[in-house]
Protein chains: 2
Amino acid sequence: MIEEIKTVARQRLAAEGANLSLRAVARDMGMVSSALYRYFASRDDLLTVLILDGYNALGDAVEAADAAVTDRTRLRARWLSATRAVRDWALANQAEYALLYGSPVPGYAAPQDTIAAAARTPIVLAAILTDGYAAGIVTAAGFQRPASLPAAVRTDLSRTRDQIAPGLPEELLHAGLTCWLQLFGVLSFELFGQLNNVIDARAEFFGQQMELMADLMGI
Amino acid sequence: MIEEIKTVARQRLAAEGANLSLRAVARDMGMVSSALYRYFASRDDLLTVLILDGYNALGDAVEAADAAVTDRTRLRARWLSATRAVRDWALANQAEYALLYGSPVPGYAAPQDTIAAAARTPIVLAAILTDGYAAGIVTAAGFQRPASLPAAVRTDLSRTRDQIAPGLPEELLHAGLTCWLQLFGVLSFELFGQLNNVIDARAEFFGQQMELMADLMGI
DNA sequence: CTCTCGCAAGAGCACTGCTCTCTAATGTGT
DNA sequence: ACACATTAGAGAGCAGTGCTCTTGCGAGAG
């Protein structure tokens, strides 16, 4: 039942856009709106569950795309496959992507399990670097000395490193972080219309940008 | 009168977040909601005007920050000043930033004058490169050969070049475009909460990222 | 001094999230 | 098999929303 509600809600989300209406979902199910409150405490509650599912669906897709590269030492292929999976999922689920990475709803605070699910995608990307570093394929040689990063940023980086990519040098995590930001920067601009009249060859541009990021990481 | 409505609307937007209520604006002004319809055809209409104002306010801030660097050959200083102005404006007007660069409202199409105002910021950034190229300070030597870019992307780049940065080599525009995306990628992640528990030293991180982008553009 | 016209008010429609009460059905325990 | 308890859904209703249409007021123009 809960699953059916979520499915219908996702359909309405895809059809109508961001402002999901509980009553519309109930109508689609042949129910009355108050009946939904037996399964979800509020509209925000339903949205939170959809967000959680979204992060996990994206995480699944990205993990599968990374795992599809059987030769685990082909770091660039893994990076391109994983980032391509992010874009494919985002294009196929635009409203959900907007829910995850668009402007947050006003008084909404992400619960703890949400941030764990959200971390899955960056963890996959970081693992590519971690694997490469462990195998000696990628070194931190070509990167900015840690000393040149502001101390406060280094603190943040080492904390984040311990959480998602243990053992990775800070310089490499920093490079990966930069590429992660570029990935979602490009994607958000594409999906939110900021690339209209600027770049029409979206897929080619995205691929080229991800190649560039691979160069930057030295993979 | 129109100006007063917009001011109150901006306040409500800053206070309440994205979902602006016409009735609330009217209430704040001691009017009845239907009276607002004499000045704005619809809520979307008011939002469009606010968006237009937002792009122009941001454009003003960025242009001023760029112009504040008197020695026009100090390209890096201009870049850092301009991008810092973007961040400062975004932090000071978070709800408006979300309106401009967050998830778009469902059936909303940006009018032509909006995209002209939106172009002001990238134009400033592109002008930094154009000036540097014209003065021979920055060359396209260190960049990816145009031939290595997909043909469709090159077409987009040359069209965009003609619109906002005449005379700039495509490789340089491409580098600038990448940095532009990174700029708003970092900013959106910061403002939309995606950097929570990842980077706490926001200002330092942003500054360091923009330094990195300056390196990437060779300025 | 009348007349017009800009401006705001008010009522009302269809919609929203959400709460509360009530009924019908579906088990469950003895 | 019968009484009981639990649960799923229906319905009414409240306060809020965007928006439309009609009404009335009041100031400026002729």
Side-chain angles (χ1 to χ4, degrees), chain A residues 1-54 95-96 98-100 102-111 114, chain B residues 1-54 95-96 98-100 102-111 114:
Chain A
M1 190 71 208
I2 288 181
E3 215 48 52
E4 192 185 337
I5 296 176
K6 289 199 287 186
T7 304
V8 175
R10 262 187 287 266
Q11 289 168 359
R12 273 230 90 85
L13 212 56
E16 304 284 318
N19 11 8
L20 177 67
S21 153
L22 269 188
R23 290 184 116 112
V25 173
R27 228 178 292 127
D28 285 3
M29 302 183 61
M31 290 173 67
V32 88
S33 75
S34 59
L36 290 189
Y37 284 84
R38 208 162 284 277
Y39 305 95
F40 295 95
S42 69
R43 197 190 83 122
D44 272 18
D45 206 68
L46 173 57
L47 281 179
T48 299
V49 173
L50 289 179
I51 288 174
L52 189 67
D53 283 11
E96 276 180 274
L99 228 54
L100 304 187
S103 4
V105 278
Y108 178 78
T114 298
Chain B
M1 190 72 207
I2 289 182
E3 215 49 52
E4 191 184 337
I5 296 176
K6 290 199 288 187
T7 304
V8 174
R10 262 187 287 266
Q11 290 168 359
R12 273 229 91 83
L13 211 57
E16 305 283 317
N19 13 8
L20 178 67
S21 153
L22 269 188
R23 290 183 118 112
V25 172
R27 229 178 292 126
D28 285 4
M29 301 182 62
M31 289 173 67
V32 87
S33 75
S34 58
L36 290 189
Y37 284 83
R38 206 160 285 276
Y39 305 96
F40 295 95
S42 68
R43 197 190 82 122
D44 272 17
D45 207 68
L46 173 57
L47 281 179
T48 300
V49 173
L50 290 179
I51 287 174
L52 189 67
D53 283 11
E96 276 180 275
L99 229 55
L100 305 186
S103 5
V105 278
Y108 178 77
T114 297

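Within every chain, numbering begins at 1; the chains are lettered A, B, ... in the order of the sequence lines, protein sequences first and strands thereafter.
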Item to check | Position toward the 5' end of DNA chain D (nearest nucleotide), A/Arg23 or A/Val32 | outcome: A/Val32
Item to check | Contact nearer the 5' end of DNA chain C, comparing A/Ser34 with B/Met1 | outcome: B/Met1
Checklist entry - Do you know which two heavy atoms are closest between B/Leu50 and B/Ala9, and how far apart they sit? => result CD1-CB, 4.0 Å
Checklist outcome for this item: In whole angstroms, the gap separating P of C/dG17 from CD1 of A/Ile5 amounts to 13 Å
Checklist entry - D/dG9 P sits how many Å from A/Glu4 CD, rounded? => result 9 Å
Item to check | Whole-Å gap separating C1' (C/dG17) and CG (A/Asp44) | outcome: 10 Å
Checklist entry - What nucleic acid atoms does B/Leu20 come within less than 4.0 Å of, heavy atoms only: base, sugar-phosphate, or nothing? => result sugar-phosphate
Checklist entry - B/Tyr39 side chain: which of C/dC7, D/dC19, D/dG13 is closest? => result C/dC7
Checklist entry - Of the candidate nucleotides D/dG9, D/dC19, C/dG17, which contains the atom at the shortest distance from the side chain of A/Tyr37? => result C/dG17
Next on the checklist: Using whole Å, what does the distance between atom P of nucleotide D/dT7 and atom CD1 of A/Ile2 come to?
Outcome noted: 14 Å
Item to check | Integer-rounded Å distance: C/dC15 P and A/Arg12 CZ | outcome: 12 Å
Checklist entry - What are the two closest non-hydrogen atoms of B/Ser33 and B/Arg23, and how far apart are they? => result CB-CG, 3.7 Å
Next on the checklist: Given D/dT17, C/dC18, C/dA8, identify the nucleotide with an atom nearest to the side chain of B/Met31.
Outcome noted: C/dA8
Next on the checklist: Is there a side-chain contact between B/Leu22 and B/Tyr37 in this structure, where contact means two heavy atoms from C-beta onward sitting under 4.5 Å apart?
Outcome noted: yes
Item to check | Nearest-0.5 Å distance, CE of residue B/Met1 to CD1 of residue B/Ile5 | outcome: 4.5 Å
Item to check | Spacing between A/Asp28 atom CG and C/dC15 atom P, to the nearest angstrom | outcome: 14 Å
Checklist entry - When the distance from CZ of B/Arg43 to P of D/dT20 is rounded to whole Å, what number comes out? => result 14 Å
Checklist entry - Taking the side chain of A/Arg27 as heavy atoms from C-beta outward, which of C/dA8, D/dA8, C/dC15 is closest to it? => result C/dC15
Item to check | Taking every non-hydrogen atom, the tightest pair across B/Arg12 and B/Val25 | outcome: CD-N, 4.0 Å
Checklist entry - Between A/Arg38 and A/Ser33, who's closer to the 5' end of DNA chain D by nearest nucleotide? => result A/Arg38
Next on the checklist: If I take atom CG in residue B/Asp45 and atom P in nucleotide D/dG18, what distance separates them, rounded to the nearest angstrom?
Outcome noted: 14 Å
